[in-house]
Amino acid sequence: MSQWFSTARFGMFVHWGHSAQQGLELSWPLVGGVFSLPFCSKIPVEQYHATAPQFNPQHYDPAAWAALAQQLGMQYVVLTAKHHDGFALFHTQESTFSIQHTPYEQDVVRQFVEAMRAAGLRVGLYFSLIDWHHPDYPAFTEADKPYRFGEYRHPTPEQWERFTQFMFAQVQELLTNYGPIDVLWFDGGWERTPEQWRVQELHALIRSLQPELLINDRLPGFGDFATPEQFIPPQPLEGDWETCMTINESWGHNTQDTQFKSPRQLIHTLCEVAGKGGNLLLNVSPMGDGALPPALLERLMTIADWMQGNQESIVGTSPGLASWQFYGPSTRRGQRLYLHLLMKPYDTITVRGLPIKQVQSVQVLATGKALEYSTRCAIVDSLLNPDPLGELTIQVPEAVLDPYVTVLAVDMG
Ligand code: GLC
């Protein structure tokens, strides 16, 4: 498993397609919505696809996204190269349903990969196995509504043969035309069986082209990391994992959805994920012209401000204490422990089961302000044990509290 991913902690997901021009959730409106997306509209299939040939995102500026990701302390960025609606944001020899056949013409994926690489960010591509537009998939039609999980129109064997060849060829294009790709983020596996997707062969193809690349767990039967969606696992998961989450309740740019999470909620989520040893892949939804909506930018800038003083407690850290030791998430790096105060303390906070004689200092991470503390342990231990475990109680005056999350750094020697 790649080292970088295991402690990356923060990444940007970009859900984008031509339907952003209509201010619609990505893909799902065409099948009539889905229970998990409360603000997803239902529109005729034809109306959904109608904006594909007009796509012309004149304000698409992946270098600006890269700069934003860097300001946020993000380590990687994942773009929907192709979502369930089948529209490719890359140049493909396999079909005309792509960005190449729009007024924009340029290869959005290439521009994206180049900009992210230039900024030193890791690059991921999302690729939907489902293709609701390809005739051999077969394409989703009005007659297939309402969308029902488990009940899909099935192709003939000849159609499926053609479709899998097409799909394999597109994966091959993504993994040969853009240099090294760090993550291939599959989705949509639920509509067919692993045998139908030919997962073994697909996996072998990917590994032969890019042996270092990481694959998420949505290629059925495979996966270098787990992908909890829209929630934080109650217990840290075994192995690497990544929570993907939206800032409102939609993946694509959806003007119907104004249910935005607050910057504080988002920062708390990031701390909780880091404390459990996972990564947060936070989603952004560019508009049809390629710019990011002000409501997202505003929130991201607040997170960036917070990260400026506190990134050290998130990126590159390992999980800190056990949950019985402290009321909140914590992380560590070497001899430094970071406590994330997600609740406002009453005068003091206490950490239990620490080697108290090793405590050198406690400070507010963002300001460097030293805090007073005291320690205690069992009397016998304090006399006879050179390295006893005990309690560390830290004075936390109101005046040092951060409006989002206060992080304390405890240095052990
Ligand atoms: C779901 C949705 C999709 C979204 C993805 C992100 O599977 O189908 O719209 O891209 O989750 O995790």
Side-chain angles (χ1 to χ4, degrees), residues 5 10-20 22-43 45 48-49 76-89 108-109 112 124-133 137 140 144-152 167 174 183-192 197 214-220 222-233 237 240-254 256-257 259 261 266 269 273 278-286 296:
F5 187 87
F10 203 16
M12 182 186 280
F13 214 170
V14 183
H15 271 72
W16 198 31
H18 70 83
S19 60
Q22 302 182 54
L24 288 176
E25 176 57 295
L26 192 50
S27 301
W28 286 100
L30 89 91
V31 299
V34 64
F35 67 92
S36 53
L37 299 169
F39 300 99
C40 182
S41 27
K42 310 175 188 329
I43 65 166
V45 176
Y48 180 92
H49 292 310
Y76 65 116
V77 186
V78 181
L79 171 70
T80 51
K82 187 174 101 164
H83 203 256
H84 312 328
D85 66 11
F87 183 78
L89 289 180
V108 161
V109 166
F112 176 85
L125 297 177
Y126 168 112
F127 185 83
S128 171
L129 292 162
I130 289 176
D131 189 325
W132 288 329
H133 182 269
Y137 183 71
F140 192 91
D144 299 314
K145 290 182 178 175
Y147 185 85
R148 277 181 299 255
F149 281 88
E151 291 174 43
Y152 312 110
M167 185 262 278
L174 288 175
V183 177
L184 192 52
W185 216 101
F186 281 109
D187 197 16
W190 65 84
E191 286 201 353
R192 300 286 185 266
W197 293 125
L214 303 177
I215 304 175
N216 70 344
D217 65 352
R218 299 189 187 189
L219 179 65
F222 292 92
D224 297 310
F225 61 92
T227 55
E229 179 171 327
Q230 302 285 37
F231 75 100
I232 304 172
L237 300 178
D240 289 312
W241 59 277
E242 166 195 85
T243 280
C244 52
M245 194 174 276
T246 51
I247 294 182
N248 55 4
E249 297 300 315
S250 309
W251 296 100
H253 172 60
N254 181 357
Q256 301 297 303
D257 180 1
Q259 199 163 296
K261 296 174 184 76
L266 295 166
T269 300
V273 167
N279 296 342
L280 177 64
L281 187 63
L282 186 63
N283 185 66
V284 300
S285 324
L296 295 191

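Start at 1 and go down the list; that is how both ligands and their atoms are numbered.
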Which is it for Tyr147 and Trp132 under the ring pair (Phe, Tyr, Trp, His ring centres under 6.0 Å) test, yes or no, and what are the steps along the way? CA-CA 12 Å; Tyr147 185 85; Trp132 288 329; 5.7 Å; yes
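When heavy-atom distances to ligand 1 are checked against a 4.0 Å cut-off, Leu37 has no atom that comes that close, whether in backbone or side chain.
In this structure, Asp224 and Asp240 have side chains that are not in contact, with every pair of non-hydrogen atoms separated by 4.5 Å or more. When side chains are defined from C-beta on, Cys40 does not count as touching Val34, because their heavy atoms never get closer than 4.5 Å.
In this structure, Trp190 has its ring center closer than 6.0 angstrom to the ring center of His84. The distance between the ring centers of Trp197 and Phe222 does not fall below 6.0 angstrom.
Below 30°, between 30° and 60°, or above 60°: for Phe13 and Trp185 the angle between ring planes is between 30° and 60°, a tilted geometry.
Numbered from 1 in the order shown, with element, the atoms of ligand 1 that lie under 4.0 Å from a heavy atom of His83 read 3 (C), 4 (C), 9 (O), 10 (O). Within the listing of ligand 1, atoms 12 (O) sit less than 4.0 angstrom from a heavy atom of Cys244. Using a 4.0 Å cut-off to heavy atoms of Tyr126, the atoms of ligand 1 that qualify are 10 (O). Listed by atom number, the atoms of ligand 1 under 4.0 Å from Trp190 heavy atoms are 7 (O), 8 (O). Annotation for ligand 1: atoms under 4.0 Å from non-hydrogen atoms of Trp185 are 12 (O).
Among Gln230, His84, Glu242, the residue whose heavy atom lies closest to atom 8 (O) of ligand 1 is His84.
Closest to atom 2 (C) of ligand 1 among all protein heavy atoms lies Trp28 NE1, 3.5 Å. For atom 10 (O) of ligand 1, the closest heavy atom belonging to the protein is His15 NE2, 2.5 Å. Of all protein heavy atoms, the one lying nearest to atom 7 (O) of ligand 1 is Asp187 OD2, 3.1 Å. At the shortest separation from atom 1 (C) of ligand 1 among protein heavy atoms lies Glu229 OE2, 3.3 Å.
Around atom CZ of Phe149, more than 12 heavy atoms belonging to other residues, nucleotides or ligands sit under 6.0 Å away.
Shown are His83, Lys82, Arg218; of these, the side chain to side chain donor-acceptor pair (under 3.5 Å) with Asp187 is made only by Arg218.
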